[in-house]
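One structure is given below, encoded as structure tokens.
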Amino acid sequence: MDMRVNIAGLELSNPVMTASGTFGYGVEFKRYGQLEKLGGMVVKGLSLEPRAGNPMPRIADAPAGMLNAIGLQNIGARNFVEKRLKLLPWGETAVVANLYACSASEFADLAAYLSEQEGIAALEVNISCPNVSSGGVLFGQDPSMAAAVTRAVKDRSGEMPVIVKLTPNVTDIASMAKAVVDAGADAVSLINTLSAMSVDARTRKPRLANVIGGLSGPAIKPVALRCVWQVAQAVDVPIIGMGGITSAEDVLEFILVGATAVQVGTANFIRPDFAFRLVDELAALVDELGIESWDDYRGSLQV
Amino acid sequence: MFGNACQDTTVKSLTRFGKGEGDGEFIELTLEHPGLDNAAWKLWKPGQFVMVRPESFGLDPLMGRPFSITSADEEQGISIFFQVMGQGTRKLASLKPGEPVTLWGPLGNAFAVRKDTPTLVLAGGIGIAPFYEYVKRHEQPENLRMIFGHRPPLACYNWERAQGVCSCEAHHETCRQDLMDFIALIEETVPQYCNDGLIIACGPLPFLETIKKVADQHGGRAQLSLENRMACGVGACLGCVCDHKTEGPVSVCARGPVFWSDEIEL
């Protein structure tokens, strides 16, 4: 079967992408597989200036998942472009820049800079990080703020596809998706992590220095599927689904409920060659199930 | 460029040291060497580590666990030495020969070796793990002095393996006074290596903090191996950072785990 998919003009060789924050700047994984094999990779969230992130400890175990409160530590957009982007095979796999900022105008400046860089194929706007005190999930929980950020980014990103990453930490994710699509989003990706915490009964302390963090991994997959399903009923743009994918069957489940592509996140920590293996496993499963085209299979859930 | 440094292997053997089972137990876990497809295994050095994730973890815990490499040899296998402390090590302790394990590594950097330089090797508890091979490989072991502080009995630590190669002193801590005596020994010994010697250390954080404080005060060159919790082991998740004085937060897995003490804040 032809494994290619198209996200608002962005053509991917297959639907498997890696999720921001779980794949570094891509170069960290060169020892573990061929980056060219991936449909795309979304790099660590970038801000205009470098950010130090949150205090340690930043990660903790959770049943069938993990908690993180990294706090968007990153080297800054300029350093990424100058020092990392050239090391990526961007002619052969889609490199998507994930953007984080504290205001709509800062998002716009960041979008303007990144959209001019050769090698970046699309922008993913992070209005859904639960681990930062300003911006982050607050933008993603208010439809008018989410729309304002989306509009600001669209105005300054030229022809480059703009994907808006949504948070599940809202009452009605479909209305958030509508708000950003009405504001010009070319695609949406979902879900970011679920706001969560972990505490130690013996020490009486939280396990994360930030107290609250984001839950990811297989534990959140049912929530993610529900969100993708609801958003797919509400908007008419491509959806990139993510949340707890650990197998090729999981990928198909997301496509079945309406996703065009998927992002693999926490599974990259289960083993660093996970995403590369998943591309092969997906192709084999598609053959085994006799799926003939993504267009036929996508959203074909029978309810 | 090395091949895929993430490989599937199996448990070769599991050796228990000391008495008793359960939390606090000491175990040497040896995995079948995955072969030299990954050329980095030919070049591994003490101080480097591996991420280990047995299939029996299932989805809980999800993350693999980092361990110093105790030894790695194509014939003998790859060994790690650990104390059972929590969910991950409890599951590791129940592995049987032949069980599948995912292994990625060797990862990170290694301890400095200066064969002509008087070198003080400081190990605290399970922090002895990387030093068995360090002292064994050293070209001039007469330049090494190892001081080992421990609470459980020496029988828990395969102590014979470290002995006979270089000068080794073990200090058993059974009460607060023993700890005070051990700290006094470190405060007295570290400065002796601060002019033209080398100090390398691995152990619990308060132990490393003491060594750093004394070494920094006397302008010594000390290397400390940090043991932060990790998710990926490859520098991607940024879950294990420490504060580097000039570079800000840096990944312990990718930039370390061994750091010069005057470069970092603890």
Side-chain angles (χ1 to χ4, degrees), chain A residues 18-34 41 43-45 50-75 207-208 213 215-219 221 244 246 265-274 276-277, chain B residues 1-8 37-40 50-55 57-66 86-88 91 100-107 205 226 228-244 247-255 265-266:
Chain A
T18 53
S20 180
T22 65
F23 209 65
Y25 301 104
V27 290
E28 294 87 345
F29 288 80
K30 280 187 166 181
R31 258 180 99 181
Y32 301 95
Q34 289 189 304
M41 67 180 95
V43 300
K44 176 82 188 148
R51 280 177 60 93
N54 289 332
M56 292 281 287
R58 295 173 167 187
I59 54 173
D61 284 309
M66 71 174 278
L67 289 160
N68 91 80
I70 307 299
L72 288 168
Q73 179 184 332
N74 76 96
I75 58 175
R207 290 202 170 87
L208 298 175
L215 177 65
S216 62
K221 196 188 86 176
T246 59
T266 305
N268 295 311
F269 305 152
I270 293 177
R271 53 184 302 152
D273 59 357
F274 179 84
F276 307 105
R277 293 159 58 103
Chain B
M1 174 69 67
F2 300 118
N4 185 353
C6 178
Q7 286 159 302
D8 295 312
D37 292 349
N38 171 12
V50 283
M51 293 293 291
V52 173
R53 192 178 187 283
E55 202 172 290
F57 271 18
L59 294 180
D60 196 17
L62 204 60
M63 297 181 275
R65 295 292 192 261
Q87 187 190 17
K91 281 203 170 175
V101 173
T102 302
L103 174 80
W104 58 106
L107 301 164
L205 189 59
L226 305 190
N228 291 10
R229 183 179 286 265
M230 296 173 185
C232 67
V234 304
C237 72
L238 304 178
C240 65
V241 298
C242 72
D243 285 327
H244 192 279
E247 297 171 32
V250 295
S251 292
V252 168
C253 63
R255 183 75 170 69
E265 307 279 2
L266 287 181

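Below, chains carry the letters A, B, ... as their sequence lines are ordered, and counting in each starts from 1. Side chains included, hydrogens not; waters and symmetry mates left out as well; all remaining heavy atoms used.
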Please classify the contact of A:Ala60 with chain B as side chain, backbone, both or neither, using a heavy-atom distance under 4.5 Å.
backbone
Should the pair B:Lys91-A:Asp61 be classified as a salt bridge under the 4.0 Å nitrogen-to-oxygen rule?
no
Under 4.5 Å from any heavy atom of chain B, what part of A:Ala69 do you find: side chain, backbone, both or neither?
neither
So for B:Arg53, is it side chain, backbone, both, or neither that comes closer than 4.5 Å to the heavy atoms of chain A?
side chain
Quick check on the interface: out of B:Cys242, B:Ser251, B:Pro106, B:Ala254, who has the most heavy-atom pairs with chain A under 4.5 Å?
B:Pro106
Is chain B contacted by the side chain of A:Pro63, its backbone, both, or neither, given a heavy-atom distance below 4.5 Å?
both
Does any backbone or side-chain atom of A:Phe29 lie under 4.5 Å from a heavy atom of chain B? Answer side chain, backbone, both or neither.
side chain
For chain A, the option from B:Cys240, B:Gly58, B:Gly88 that forms the most heavy-atom pairs under 4.5 Å:
B:Cys240
Between SG of B:Cys6 and CZ of A:Arg277, what distance do you get to the nearest 0.5 Å?
7.0 Å
Answer key: most heavy-atom pairs under 4.5 Å with chain A among B:Ala231, B:Cys232, B:Gly235 is B:Ala231
Bottom line for A:Ile270: the part with an atom under 4.5 Å from chain B's heavy atoms is both
State, yes or no, whether a side-chain contact exists between A:Arg271 and B:Asp8 at a heavy-atom distance under 4.5 Å.
yes
Are any of the side-chain heavy atoms of B:Met63 and A:Ile59 separated by less than 4.5 Å?
yes
Over all atoms of both residues, closest heavy-atom pair of A:Ala52 and B:Pro249:
O-CG, 3.4 Å
Test item: A:Pro218 and B:Leu62 side chains (from C-beta on) under 4.5 Å apart, heavy atoms
yes
Heavy atoms of other groups near A:Gln34 CD, more than 12 under 6.0 Å:
no
Segment of B:Met51 engaging chain A (4.5 angstrom heavy-atom cut-off):
neither
How many angstroms lie between atom CD1 of A:Ile75 and atom CD of B:Glu247, to the nearest 0.5 angstrom?
12.0 Å
Relative to chain B, which of A:Pro57, A:Gly53, A:Gly65, A:Ala219 shows the most heavy atom pairs under 4.5 Å?
A:Gly65
If you take all heavy atoms of B:Ala236 and A:Phe23, which pair is closest and at what distance?
CB-C, 4.0 Å
Hey, is the main chain of B:Leu238 close enough, under 3.5 Å, to the side chain of A:Gln73 for a donor-acceptor pair?
no
Given heavy-atom pairs under 4.5 angstrom as the criterion, report whether the side chain, backbone, both or neither of B:Asp243 touches chain A.
neither
For the candidates B:Val234, B:Asn228, B:Thr102, which exhibits the highest count of non-hydrogen atom pairs separated by less than 4.5 Å from chain A?
B:Val234
